[in-house]
Amino acid sequence: MHLLVKAMMRNYLFLILTLLLPIFTQAQIEGLWIVTKVQVGEETPTPVAKWFDLKADGKLLSGNGGIINTRGNWSQEKDQLLFQNERGQANPAGPFQIQKEENTMTWTWEEEGMLVTIHLQANQSLPKASWDYLYGNWQIAEVWRDGKLQSQLPDADQPLSLFFRWDHQYTVRNASDDNLLSPGIWQIHGHRNRLRLLPFDPVIRGMTWEIEKINNHQLILSRQVEAGQISRLVFGR
């Protein structure tokens with residue numbers, strides 16, 4: 001009788017572990033994951049502040065910085081991860097192969113004959129993108145040319161102040177006329193910290209600036225000007 005009870009207990013434990021194994025396996029990748037690197041062949045088109053939130057109920061959220069741009073569902077079977085959109089349509093790229101080690105994970109698949117690899121890191125909070133800091137008013141603080149601080153005002157077509165709105169419109173005060181506001185549209189590249197200003201006035205030419213640094217208090221923009229010189233503008237709140 002004692003041996004029978006022990007055998008029944010072993011069978012019971014085996015049944016419980018068998019039923020719970022898929023749950024344990026799935027729970028390993030639940031949570032918030034930040035994309036640290038994307039490799040497509042020899043290229044590294046890593047998006048800015050990309051993240052995936054794999055909810056415990058199978059829901060999926062994904063975005064860049066504070067912007068959510070994907071909603072859907074996720075499911076896992078062994079070492080494969082499949083995404084579906086809100087209408088239940090599967091990701092056309094098919095399932096991803098998963099390799100997880102502690103707080104890091106990689107997803108791989110083949111697309112158009114090239115191997116695509118996404119490297120991810122577990123995190124507790126959403127990453128911030130350049131545009132999350134950009135909104136609001138910025139005042140010019142310093143002007144640099146080829147590593148030298150300039151004593152004079154910026155060039156006539158350079159801004160004294162910039163105001164960025166949430167709807168991707170901006171206004172700028174230029175050194176040529178402090179009282180004149182020039183509106184336009186601003187864009188930030190999805191894979192690089194590059195800011196593009198496109199004026200509504202067709203007479204005013206647009207400009208593209210590299211975002212060297214941005215946080216709640218400081219914005220540093222740079223671009224190459226004539227003769228290969230680097231113009232650098234430092235803004236503060």
Side-chain angles (χ1 to χ4, degrees), residues 15-135 164 166-168 185-196 211 214-215:
L15 178 61
I16 292 297
L17 290 174
T18 302
L19 291 174
L20 291 180
L21 183 58
I23 298 176
F24 292 152
T25 302
Q26 180 168 304
Q28 292 176 356
I29 67 168
E30 290 173 6
L32 179 64
W33 294 90
I34 310 302
V35 174
T36 57
K37 186 178 181 180
V38 174
Q39 294 175 280
V40 182
E42 297 181 356
E43 302 294 326
T44 55
T46 306
V48 174
K50 184 66 179 178
W51 54 269
F52 293 87
D53 191 1
L54 308 179
K55 302 288 188 182
D57 61 358
K59 298 296 183 183
L60 165 70
L61 290 177
S62 179
N64 297 77
I67 299 175
I68 297 175
N69 47 42
T70 301
R71 298 177 186 270
N73 302 281
W74 69 276
S75 59
Q76 180 190 359
E77 185 172 345
K78 296 183 180 179
D79 61 348
Q80 291 193 330
L81 174 65
L82 181 64
F83 288 164
Q84 294 179 330
N85 62 23
E86 291 182 293
R87 298 188 297 275
Q89 297 171 325
N91 180 9
F96 308 146
Q97 293 293 124
I98 305 170
Q99 185 175 355
K100 183 178 180 295
E101 297 181 5
E102 296 184 356
N103 294 325
T104 63
M105 180 164 54
T106 58
W107 301 343
T108 58
W109 72 96
E110 189 172 300
E111 188 170 335
E112 297 182 356
M114 291 188 296
L115 181 65
V116 181
T117 304
I118 298 180
H119 300 265
L120 306 102
Q121 174 78 44
N123 207 2
Q124 298 298 316
S125 58
L126 294 180
K128 279 198 170 185
S130 300
W131 51 82
D132 294 318
Y133 295 104
L134 194 64
Y135 306 118
F164 296 95
W166 65 271
D167 58 358
H168 285 260
I185 295 292
W186 64 268
Q187 300 173 334
I188 290 184
H189 198 287
H191 294 84
R192 301 178 183 87
N193 282 322
R194 184 173 295 168
L195 173 66
R196 190 179 182 193
I211 302 175
I214 187 169
N215 53 40

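Computed from a predicted model, the values in this text were never measured in an experiment.
- Partners of Glu111 by side chain to side chain contact (heavy atoms under 4.5 Å, CB included), not counting sequence neighbours, listed by chain and number: Ala93, Trp109, Val116.
- In this structure, the separation between CG on Asp53 and CG on Asn123 is 11.0 Å, given to the nearest 0.5 Å.
- Nearest heavy atoms, Leu82 versus Ala90: CD1-CB, 4.3 Å.
- Residues satisfying the side chain to side chain donor-acceptor pair (under 3.5 Å) test with Arg192, not counting sequence neighbours, are His189.
- Counting non-hydrogen atoms of other residues, nucleotides and ligands closer than 6.0 Å to CD of Gln80 gives a total above 12.
- Side-chain contact between Asn103 and Gln121: present, with at least one pair of heavy atoms (C-beta onward) separated by less than 4.5 Å.
- Put simply, the side chain of Lys100 gets close to the backbone of Glu102: a donor and an acceptor are under 3.5 Å apart.
- When side chains are defined from C-beta on, Thr106 does not count as touching Ile118, because their heavy atoms never get closer than 4.5 Å.
- Here the NZ-CG distance, from Lys50 to Leu126, works out to 11.5 Å after rounding to the nearest 0.5 Å.
- Note that CD of Gln187 is 12.5 Å distant from CZ of Arg194, once rounded to the nearest 0.5 Å.
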Can you list the steps and then say if Gln89 with Gln84 is a side-chain hydrogen bond (donor to acceptor under 3.5 Å, both in side chains)?
CA-CA 5 Å; Gln89 297 171 325; Gln84 294 179 330; over 6 Å; no
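- Two residues are said to be in side-chain contact when any heavy atoms from C-beta on lie closer than 4.5 Å; Ser130 and Leu195 fail this criterion.
- With hydrogens and angles disregarded, a donor-acceptor distance shorter than 3.5 Å links the side chain of Trp74 to the backbone of Lys55.
- Side chain of Asn193 to main chain of Ile211: no donor-acceptor pair is present (N/O by atom type, distance under 3.5 Å, no hydrogens or angles).
- Residues Val48 and Ile188 fail the side-chain proximity criterion, which asks for heavy atoms closer than 4.5 Å.
- Ring geometry, Phe164 versus Trp186: the interplanar angle exceeds 60°, so the pair is classed perpendicular (tilted spans 30 to 60°).
- When all heavy atoms of Pro127 and Ala49 are compared, the pair lying nearest together is CG-O, 3.6 Å.
- At least one side-chain heavy atom of Phe83 sits under 4.5 Å from a side-chain heavy atom of Phe52.
- Atom CD of Glu30 is separated from atom CG of Leu54 by 8.0 Å, given to the nearest 0.5 angstrom.
- Once rounded to the nearest 0.5 Å, the distance linking CZ of Arg87 with CG of Asn85 reads 4.5 Å.
- In the displayed structure, Gln99 atom CD is contacted under 6.0 Å by at most 12 heavy atoms of other residues, nucleotides or ligands.
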Walk me through it: do Gln97 and Asp79 pass the test side-chain contact (heavy atoms from CB on, under 4.5 Å)?
CA-CA 6 Å; Gln97 293 293 124; Asp79 61 348; 3.3 Å; yes
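- Residue Phe96 holds its CZ atom at 9.5 Å from OG1 of Thr108, rounded to the nearest 0.5 Å.
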For residues 31-41, dump all side-chain donor-acceptor pairs below 3.5 Å to protein atoms at least two apart in sequence or in another chain.
residue, atom, partner, partner atom, Å
Trp33, NE1, Ile29, O, 2.9
Thr36, OG1, His119, O, 3.2
Gln39, OE1, His119, NE2, 2.8

